[in-house]
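Structure, as structure tokens:
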Amino acid sequence: MAIAGGAQVVGLDIGTSAVRAAEVSSGKNGLTLSKFGQVALPPGSVVDGEIRDAGSVSHAISTLFKRHKISSKKVVVGVANQRVVVRQVDLPYLEEKDFRASIKFQVAEHIPMPVDDAEIDYQILADYETAESGHMMRVLIVAAATDMVEQFVDTVTAAGLRPTGVDLIPFAVARAVSDAARGEVGLDGAEAIVDVGAGVTNVLIHQNGEAQFVRILLTGGDHATSEIAEEMDIPFDEAEAHKLDLHTGAGDKQAAEIVARCVGNLVQEIQGSLDYYLGLEEAQPIRSVLLTGGGSLTPGLGRALETSLDMDVFGAVPLQQVDAKKTGLSEGQISQVEPVAAAALGLAMGRAGR
């Protein structure tokens, strides 16, 4: 659902734990990030990537824009939840204008929702000839439940903003963290991008900028915190502090065991997603893995993922992809926000011409 054109735009990421905005402008020297900010959401406002308390989310968005003095009201909004479906399908070849005109008929049997209740977008990946079926084309289909998309749009509009487009968060994250995903450099094989949020983990695999596989997992960094809170019978905030203490190597032993178990389960799900892709007929070997998202800071996750995949896993640095001097953020502040900045930044980059 990428949207093209425009010299300046704000990407708005409505996450599980916070709303985040990135204001990006384009010029002859590339992209400039002029503003970035975030405001925490009350627990339960967004669950599994879906808005549950629209009033709280609208209020947080309004506060975000006022606090960080973001003047533009035009925003691109990101979505990622179980009411979004991404499928790669092979269909009889059609000229693109004909395919676009008949898309609902063409994809009806490939998506698990009524086409009349879905917003559908696509990317044609290739066309090819086969002896059995003749001229075919491979298409990446994105379908999102209309009522879910409308709720995001209505919530943002209630905050006094004007949504100019909706994009899929895994696409936005890839755009923000990988020059190969933006098509700026060639890559031998495939690249996996793993975005671990508080409650949702996005896995995207691309080959030189063409998305081949997307999976949205309803788990993230908050799962370990919730397990600590439940098993140790302590408040969520105290459980989060226990989890963060593990970075020092001197945290609570029980908390460490809980986090290790949750990390193992998450890594298993990520590994399963990559294995599923590698089992596809046209899959290429995965040569690179980028890890981002606030949940990526869960103690032991990066190391456990490297062990499971038996390859290096690199922490993504989205703010190094743009000129961030105008934000006024210090190097220390940039390192703090970098793990959570990719989605909002990528949403804005898509509109700003990348």
*Evaluate the side chain to side chain contact (heavy atoms under 4.5 Å, CB included) criterion for residues Ser62 and His59: first the C-alpha distance (whole Å), next the side-chain angles of each, then the deciding distance (0.1 Å), finally the verdict.*
CA-CA 5 Å; Ser62 179; His59 178 71; 5.5 Å; no
_Donor-acceptor under 3.5 Å (Thr248 side chain, Asp245 main chain)_ = yes
_Whether the side chain of Asp323 engages the backbone of Lys325 through a donor-acceptor N/O pair (distance < 3.5 Å, no angle test) should be reported._
yes
*Between the side chain of Asp48 and the main-chain N/O of Glu50, is any donor-acceptor distance below 3.5 Å?*
no
*Main-chain N/O of Leu217 paired with Thr201 side-chain donor or acceptor, under 3.5 Å*: no
*Any side-chain donor-acceptor pair under 3.5 Å between Thr225 and Lys243?*
yes
*asked:* If the threshold is 4.0 Å, N to carboxylate O, is there a salt bridge linking Glu96 and Arg100?
replied: yes
*With the side chain counted from C-beta on, respond yes when Thr157 and Arg162 share a heavy-atom pair under 4.5 Å apart, and no when they do not.*
no
*Specify the closest pair of heavy atoms between Asp147 and Arg83, including all atoms of both residues, with the distance to one decimal.*
OD1-NH2, 2.7 Å
*For Phe36, is the NZ or CZ atom of Arg20 found under 6.0 angstrom from the centre of its six-membered ring and inside 45 degrees of the ring axis?*
no
*asked:* Could you go through Glu269 and Thr219, starting from their C-alpha distance and side-chain angles, then the distance that decides it, and tell me whether this counts as side chain to side chain contact (heavy atoms under 4.5 Å, CB included)?
replied: CA-CA 9 Å; Glu269 291 221 43; Thr219 186; 4.3 Å; yes
*Pair Met148-Val79, side chain to side chain contact (heavy atoms under 4.5 Å, CB included): steps then yes or no*: CA-CA 9 Å; Met148 180 273 295; Val79 296; 4.1 Å; yes
*At what distance, to the nearest 0.5 angstrom, does OG of Ser226 lie from CZ of Phe236?*
4.5 Å
*Does any donor atom in the side chain of Arg182 or Gln321 lie under 3.5 Å from an acceptor atom in the other side chain?*
yes
*Euclidean distance, Asp195 CG relative to Asn202 CG, rounded to 0.5 Å*: 5.0 Å
*asked:* Any salt bridge linking Arg261 with Glu227? Criterion: basic side-chain nitrogen under 4.0 Å from a carboxylate oxygen.
replied: yes
_Closest heavy-atom pair and its distance - Ala181, Ala174_ = CB-O, 3.5 Å
*Find the distance between CD (Gln88) and CG (Leu280) and round it off to the nearest 0.5 Å.*
7.0 Å
_Closer than 3.5 angstrom, by distance alone: can the side chain of Gln82 be matched with the main-chain N or O of Ile216 as a donor-acceptor pair?_
yes
*Under the 4.5 Å side-chain heavy-atom rule for ILVMFWY, direct or indirect, which residues accompany Leu91?*
Val85, Val89, Tyr93, Leu94, Phe99, Ile103, Val107, Ile111, Met113, Val115, Ile120, Tyr122, Ile124, Met137, Val139, Ile141
*Apply the test side chain to side chain contact (heavy atoms under 4.5 Å, CB included) to residues Glu23 and Thr327: give CA-CA distance (whole Å), side-chain angles for both, the deciding distance (0.1 Å), then the verdict.*
CA-CA 9 Å; Glu23 184 180 73; Thr327 62; over 6 Å; no
*May I ask you to check whether over 12 heavy atoms, not counting those of Tyr128, lie within 6.0 Å of atom OH?*
yes
_Spacing of Phe65 atom CZ and Ser72 atom OG [to the nearest 0.5 Å]_ = 7.0 Å
*Would you call Ser178 and Leu290 a side-chain contact if the rule is heavy atoms closer than 4.5 Å?*
yes
*Are any non-hydrogen side-chain atoms of Met311 and Glu306 less than 4.5 angstrom apart?*
no
